[in-house]
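A short worksheet on the structure shown next.
When a residue number appears, it is its place in the shown sequence, counting from 1. Computed from a prediction, not measured in an experiment: that's the story for all the values here. Read the numbers this way: they start at 1 and go in the same order the structure lists the ligands and their atoms.
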Amino acid sequence: MTKKVFIRTFGCQMNEYDSEKMADLLHATHHFVRTDSPDNADVVILNTCSVREKAEDKVYSDLGRLNELKRIKPNLIIAVGGCVASQEGETIIERAPYVDVVFGPQTLHRLPDLILAKETTGQSQMDISFPEIEKFDALPTPEAKGPTAYVSIMEGCSKYCTFCVVPYTRGEEFSRPAQDIVNEIEALVDQGVKEITLLGQNVNAWQTLDEAGNDLDFTWLIEQIHHIDQLQRIRFTTSHPLEFSDRLIDAFGRLPKLMNQVHLPVQSGSDKILAQMKRGYTAKQYIEIINKLKQACPSLSISSDFIIGFPGETEEDFQATLDLIDEVQFDGSYAFIYSPRPGTPAAKLVDNVSAEQKKSRLSRLLQKTDSAHINYSQHMVDTVQDVLVDGFSKRDSTQLRGKTSNNRVINFTGHPRLIGQIIPVKISSIAHFSLRGEVVTSS
Ligand code: SAM
Ligand code: F3S
């Protein structure tokens, strides 16, 4: 009988990408297929996130439920991967001895061996080391799941922002070789992929050397990818303001496949807080990058991440963040209440912003960013946008779903044969955080 794997993914796109790779790998090695319920799975994997405390707590509550399931199905293999696994290691098996395998973001390629070792020895297995590039070398050829795909171009992060756990859980920045990245994209394009999103914690820190020992940067990598014939759209996430070079800014005006959308986390508009976060830029420098980007590509849609209530954030600091939002007019935002992470420098600071202040600041910020988003949507109404049709609408399976060049989701009526094509769609109205439209037919 075909074995089934259930994977629950927490956190960022990097984790979503890794989960796809785990499924591809278990399919290639043991013909596992994915299931959407743990109840009929032979292996359950929790691919975890430890960026904020809440996500971490969810892992332990999920494990409690899986323990119940294992009582009924004693052969069930429970595996914990991702950043919580990397951070907690042995503690997971101490707290939840029924966990069979613990593996980190850099050792997911060893998952089949770890499962086998558990089955043969009866002992729980753990490997949370950082063997760098070996992970990609050991993965099977990627399988396209639709017209869009993620491709990881680097691992880890060496920025060590004082609040962030990622450098400790995913290791130092490591760029994947250019040829491997191009090969993976070509394999996906051969299967019909039209749009790829290059992934990494700081994609613009990607670097390599040519044969003569000269530096090659992220813009160079985008240029190489741009040459891939059938590929139509390139995006990337996440980028960091510190390495957002003029060359990269110019690429938005010069490379037609590079989409008019960028996610550039600023975190705060206060220079005092930015310095305490060790972000390496000031609010003015961030705005300068944005202004140059808007000059290079006037239709550019910009989104950001914000942390609310970092230790020492006064009302004045928070006001500076609101002022920055007014100035930039972001099209989308993710705002998070600061969560002290064990082992990070900021965790030693006195968390002196009250829970009430944090909540109230979050709602004031969201009011502003939501209204900027709606404003942006309103400007898109009645325009005709190129839309990559990527499947059926999530809420109404009789409708199609696609993405505009600036990464907005749009739902519309159309024939399923349009899936995988880029077609003109006229925006007719706004529906919550998505858009509605009508296919423009040539008469
Ligand atoms: N590489 C990205 C950058 O340049 O900032 C960020 C990656 S981080 C995993 C994703 C987002 O999580 C961050 O931008 C930040 O807003 C948020 N985040 C990270 N650590 C956090 C913490 N301790 N508390 C609250 N939010 C946090
Ligand atoms: Fe985290 Fe800062 Fe890197 S937010 S992922 S340490 S750029």
Pull out every atom of ligand 1 sitting under 4.0 Å from any heavy atom of V51, numbered as shown with elements. 9 (C), 12 (O), 18 (N), 19 (C), 20 (N), 21 (C), 22 (C), 23 (N), 27 (C)
Aromatic ring proximity F218/F236, centre distance under 6.0 Å: yes
Short version for S239: what comes under 4.0 Å of ligand 1, heavy atoms counted, is backbone
Output the list of atoms in ligand 1 that are nearer than 4.0 Å to some heavy atom of N202, sorted by atom number. 1 (N), 4 (O)
No-hydrogen, no-angle side-chain donor-acceptor test under 3.5 Å, R408 and S377: yes
Look at ligand 2 and say whether R170 reaches it with a heavy atom at a distance under 4.0 Å. no
Ligand-side contact atoms (ligand 1) for residue partner R52, heavy atom cut-off under 4.0 Å: 12 (O), 17 (C), 18 (N), 24 (N), 25 (C), 26 (N), 27 (C)
Heavy-atom nearest neighbour of atom 2 (Fe) of ligand 2 within options P167, G156, C161: C161
Where ligand 2 meets C157 - atom numbers and elements under 4.0 angstrom, heavy-atom basis: 3 (Fe), 5 (S), 6 (S), 7 (S)
What is the distance from atom CG of D250 to atom CG of L293, rounded to the nearest 0.5 Å? 9.5 Å
Identify, by atom number and element, the atoms of ligand 1 in contact range of V166, meaning under 4.0 Å from any of its heavy atoms. 9 (C)
Is there a heavy atom in I337 that sits closer than 4.0 Å to ligand 1? yes
Would you say the side chains of T238 and H263 form a donor-acceptor pair under 3.5 Å? no
Note: Q106 and S129 closest approach over all heavy atoms is CB-O, 3.7 Å
Just to be sure I read this right, does ligand 1 sit under 4.0 Å from the backbone of F163, its side chain, both, or neither, counting only heavy atoms? both
Would you say the ring centroid of F163 lies under 6.0 angstrom from that of F336? no
Which of these, R279, E243, E53, Q201, has its nearest heavy atom closest to atom 5 (O) of ligand 1? R279
Should E195 and D390 count as side-chain neighbours, where that means a heavy-atom distance under 4.5 Å? no
Just to be sure I read this right, does ligand 1 sit under 4.0 Å from the backbone of V165, its side chain, both, or neither, counting only heavy atoms? neither
Among P265, S339, C12, which residue places a heavy atom closest to atom 22 (C) of ligand 1? S339
Look at atom 5 (S) of ligand 2 and say which protein heavy atom is nearest, naming residue and atom and giving the distance to 0.1 Å. Q201 OE1, 3.5 Å
At under 4.0 Å between heavy atoms, which part of F163 makes contact with ligand 2: side chain, backbone, both or neither? side chain
Determine whether L400 and F392 make a side-chain contact, defined as any pair of heavy atoms from C-beta on separated by less than 4.5 Å. yes
Strictly under 2.8 Å, is atom 3 (Fe) of ligand 2 approached by any N, O or S atom of C164? no
Sub-3.5 Å donor-acceptor pair from the side chain of S301 to the main-chain atoms of Q261, do we have one? no
Numbered in order shown, the ligand 1 atoms found under 4.0 Å of a heavy atom of Q267 are 5 (O), 13 (C), 14 (O), 15 (C), 16 (O)
Look only at interatomic distance and state if Y338 has a nitrogen or oxygen under 3.5 Å from any nitrogen or oxygen of ligand 1. no
Measure the spacing between CD1 of I307 and CZ of R279 and express it to the nearest 0.5 Å. 7.5 Å
